[in-house]
A.B. asks: 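Here it is, the structure in full.
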Amino acid sequence: MRFGIRTLDEFSLRGKTVLCRVDMNQPVDRKTGTLKSINRIRACVPTIRELSDQGAKVVLLAHQGSDIEYKNFYSTKPHAAVLAELLGREVQWIDDVCGPAARQKIRELQEGQILLLDNVRFVSEEQTLFEMKLQLTHEQQAKTLLVEKLAPLADLYVCDAFAAAHRDQPSLCGFEQVLPSCMGRLFEKEYCTVSQVMEAPDRPCVFVLGGAKISDAFLMMKTVLDRGVADQILTGGLVANIFLAALNQQIGQGSVDFILKSNYGEYIEKAGELYARYADRITLPEDLAWVEDGVRREAPVGQLPAQVAAIDIGHKTAETYGAAIRSAKTVFVNGPMGIFEQEPSEHGTKAVWNALAQTEGFTVLGGGDSITATEKYGLTEQMGYICTGGGALIRFLSGEELPVVKALRHGAAITKQ
Ligand code: ADP
Ligand code: MG
């Protein structure tokens, strides 16, 4: 038991049918239907291998959305092929989730065999709950088709989908009501890592917040400042731009237009309030960069031309941030410092990411684009921990109790069906 949740160590697995919920949701190339990245599938491997090695009959539940998350769904068939290759063993797949064909296949599984079911979101209760904002209690989720059809075939439910731990859905929170359940190895590792950051970080603890998802940054900033988790927040990307705009600093008309167009205007007021309270711990860029005719230009904050768009932090800021990161003991990172996808505006992200690789402090990094930047600069191995969860991570750091954690804690009391 860790954090009130059971772990795989508490169960004997040989001959047992185990339902294992994983998060293998990856960016998909919409033209070809192929996966653009496989990092989450790779992260699922240790738990699946352990279950199979221990002689369990492994039934995997997973979802795959499109890039616009709750709009289109893709089959999990390509994931089975990738997983088989990573595991070096057969992974069966069926184009059914909980119908008669899937159930028959589950009954036929032998010890050690692995079966991946098709996308759980093809079962409507899984996603309408979220999309229509319908709230089913966890008890009610246990009465959905998915749980009613699959639970009777299984001995144990394992949740390894930390990246989906903020989703209140039957495949994630329903089985814990009726089956003995525990977290998988990846979930355990990610949950322990982020709990450590939140509860007892080595200090100084520095947060690096950039990128374009302003709502995420603002969700967690207040909590980590109020609770004294963050000793310093280094801002970049649009997060920095919003603060600068709140302080009436020029960020360029292009950036202002972007903020207004994206409905980020509401955050300007919040940024002003937060800065008024925590100016000593929120660090803003001292210089900014923009691109003119393909050429990078920089100016100190306050001297930016009005008609440009601030799309990166400047060299001086990158140096200051790098020094703070190198002397930190814990660094949490979410969101790049600028539009790093383009060469003229990549300097800030590149420099900060290099500092992350160099620091002796423990680095925790999350967010799709932040991971892409890490891969782009070949720094994956140098990071302390790369979290597969974006949304779950942010919500955890904003102090919310994650629905899956709640369900698993509740499930810790269930011993037998
Ligand atoms: P993550 O996926 O790591 O959580 P986000 O999705 O929040 O990060 O933000 C990543 C995106 O933000 C990148 O595509 C990057 O180009 C963009 N971005 C960063 N800085 C700026 C900026 N100043 N103006 C506009 N876009 C920015
Ligand atoms: Mg992103």
Side-chain angles (χ1 to χ4, degrees), residues 25-28 36-37 39-40 65-69 163 166 194 207-221 234-245 249-264 267 271 284-285 287-291 296-299 301 304 308-314 317-318 321 331-353 356 363-377 379-380 383 385-398:
N25 190 37
Q26 301 276 198
V28 171
K36 287 199 272 188
S37 161
N39 66 306
R40 278 192 178 157
S66 76
D67 289 345
I68 325 164
E69 253 230 287
H166 56 307
V194 297
F207 275 56
V208 182
L209 302 181
K213 262 184 263 124
I214 300 300
S215 53
D216 280 0
F218 277 85
L219 254 181
M220 62 182 152
M221 255 188 293
L234 306 172
T235 62
L238 284 176
V239 179
N241 285 359
I242 300 262
F243 275 106
L244 292 171
Q249 294 290 349
Q250 183 64 261
I251 54 172
Q253 194 56 42
S255 295
V256 173
D257 290 345
F258 186 87
I259 288 170
L260 296 179
K261 199 175 72 197
S262 320
N263 270 343
Y264 289 155
Y267 289 102
L284 305 181
D287 54 353
L288 293 167
W290 69 97
V291 175
R296 180 187 177 96
R297 304 217 184 271
E298 292 191 6
V301 167
L304 211 72
V308 302
I311 56 171
D312 193 15
I313 57 172
T317 305
Y321 285 10
V331 191
F332 173 82
V333 196
N334 182 242
M337 296 291 100
I339 303 184
F340 72 96
E341 295 91 340
Q342 297 161 17
E343 193 273 326
S345 48
E346 75 166 342
H347 173 79
T349 306
K350 199 173 177 177
V352 163
W353 258 236
L356 292 169
T363 47
V364 181
L365 182 137
D369 294 287
S370 302
I371 295 174
T372 304
T374 310
E375 287 166 355
K376 180 177 180 189
Y377 302 125
L379 300 172
T380 306
M383 297 298 173
Y385 193 70
I386 295 179
C387 194
T388 59
L393 183 67
I394 307 300
R395 278 166 189 78
F396 180 81
L397 290 171
S398 59

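Just so you know, ligand 1 is whichever comes first in the structure, and atom 1 is the first atom listed for that ligand. Numbers here simply count residues along the sequence, with the first being 1.
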A.B. asks: Return the orientation label for the Tyr264 and Phe258 ring planes: parallel under 30°, perpendicular over 60°, tilted otherwise.
C.D. replies: tilted
A.B. asks: Tell me, please: is Gly390 in heavy-atom contact with ligand 1, that is, under 4.0 Å?
C.D. replies: no
A.B. asks: So is Ser370 polar-close to ligand 1, meaning N/O to N/O under 3.5 Å?
C.D. replies: yes
A.B. asks: What is the minimum heavy-atom distance between Glu341 and Asp369, and which atoms define it?
C.D. replies: OE2-OD1, 4.1 Å
A.B. asks: If you measure from each non-hydrogen atom of Ala309 to ligand 1, which part falls under 4.0 Å: side chain, backbone, both or neither?
C.D. replies: neither
A.B. asks: Out of all atoms in ligand 1, which are within 4.0 Å of some heavy atom of Ala310? Include the element for each.
C.D. replies: 23 (N)
A.B. asks: Which one holds for Asn241 and ligand 1: side chain close, backbone close, both close, or neither close, with close meaning a heavy atom under 4.0 Å?
C.D. replies: side chain
A.B. asks: With only distance considered, is Gly210 within less than 3.5 Å of ligand 1 through an N or O on each side?
C.D. replies: no
A.B. asks: Give a yes or no on whether the backbone of Phe340 and the side-chain of Lys376 come within a donor-acceptor separation of less than 3.5 Å.
C.D. replies: yes
A.B. asks: Looking only at distance, does Pro336 have an N or O less than 3.5 Å from an N or O of ligand 1?
C.D. replies: no
A.B. asks: Glu375 and Asn39: side-chain donor and acceptor closer than 3.5 Å?
C.D. replies: no
A.B. asks: Can Arg296 and Asp312 be said to form a salt bridge (charged side-chain N to carboxylate O under 4.0 Å, His left out), step by step?
C.D. replies: CA-CA 10 Å; Arg296 180 187 177 96; Asp312 193 15; 2.8 Å; yes
A.B. asks: Among all the protein's non-hydrogen atoms, which is closest to atom 5 (P) of ligand 1, and how far away is it?
C.D. replies: Ala212 N, 3.6 Å
A.B. asks: Look at atom 26 (N) of ligand 1 and say which protein heavy atom is nearest, naming residue and atom and giving the distance to 0.1 Å.
C.D. replies: Ile339 CG1, 3.6 Å
A.B. asks: With atoms numbered from 1 as shown, which atoms in ligand 1 lie under 4.0 angstrom from a non-hydrogen atom of Ile311?
C.D. replies: 23 (N)
A.B. asks: Nearest to atom 19 (C) of ligand 1 by heavy atom, Ala217, Ala240, Ser215, Gly338: which?
C.D. replies: Gly338
A.B. asks: Quick check: of its N, O or S atoms, which one does Asp369 have closest to the Mg ion (ligand 2)?
C.D. replies: OD2
A.B. asks: With a heavy-atom distance limit of 4.0 Å, tell me whether Asn334 approaches ligand 1 through its side chain, its backbone, both, or neither.
C.D. replies: side chain
A.B. asks: Mind listing the closest non-hydrogen atom pair of Met220 and Ser398 along with its distance?
C.D. replies: CA-CB, 3.8 Å
A.B. asks: Which heavy atom of Gly338 sits nearest to which heavy atom of Thr349, and what is that distance?
C.D. replies: N-OG1, 3.3 Å
A.B. asks: Grab the two heavy atoms, one from Trp353 and one from Gly335, that are nearest each other, plus how far apart they are.
C.D. replies: CH2-O, 3.7 Å
A.B. asks: Atoms of ligand 1 less than 4.0 Å from Gly367 heavy atoms?
C.D. replies: 1 (P), 2 (O), 3 (O), 4 (O)
A.B. asks: Do any nitrogen or oxygen atoms of Gly368 lie less than 3.5 angstrom from nitrogen or oxygen atoms of ligand 1?
C.D. replies: yes
A.B. asks: Is it true that a side-chain atom of Tyr321 and a backbone atom of Thr235 form a donor plus acceptor pair closer than 3.5 Å?
C.D. replies: yes
A.B. asks: Numbering the atoms of ligand 1 from 1, which are under 4.0 Å from a heavy atom of Gly335?
C.D. replies: 3 (O), 8 (O)
A.B. asks: Counting heavy atoms only, which of Lys213, Glu346, Glu341 comes nearest to atom 16 (O) of ligand 1?
C.D. replies: Glu341
A.B. asks: What residue and atom, counting heavy atoms only, is the protein's closest point to atom 24 (N) of ligand 1, and at what distance?
C.D. replies: Leu238 CD2, 3.7 Å
A.B. asks: Which heavy-atom pair separates Tyr267 from Ile242 by the least distance, and what is that distance?
C.D. replies: O-CG2, 3.7 Å
A.B. asks: Between Ser370 and Asn334 (side chain of the first, backbone of the second, donor and acceptor by atom type, cut-off under 3.5 Å), is there such a pair?
C.D. replies: no
A.B. asks: Looking at Gly252 and Leu304, what are the two nearest heavy atoms and their distance?
C.D. replies: N-CD2, 3.8 Å
A.B. asks: Give the residue, atom name and distance (to 0.1 Å) of the protein heavy atom nearest atom 6 (O) of ligand 1.
C.D. replies: Asp369 OD2, 3.1 Å
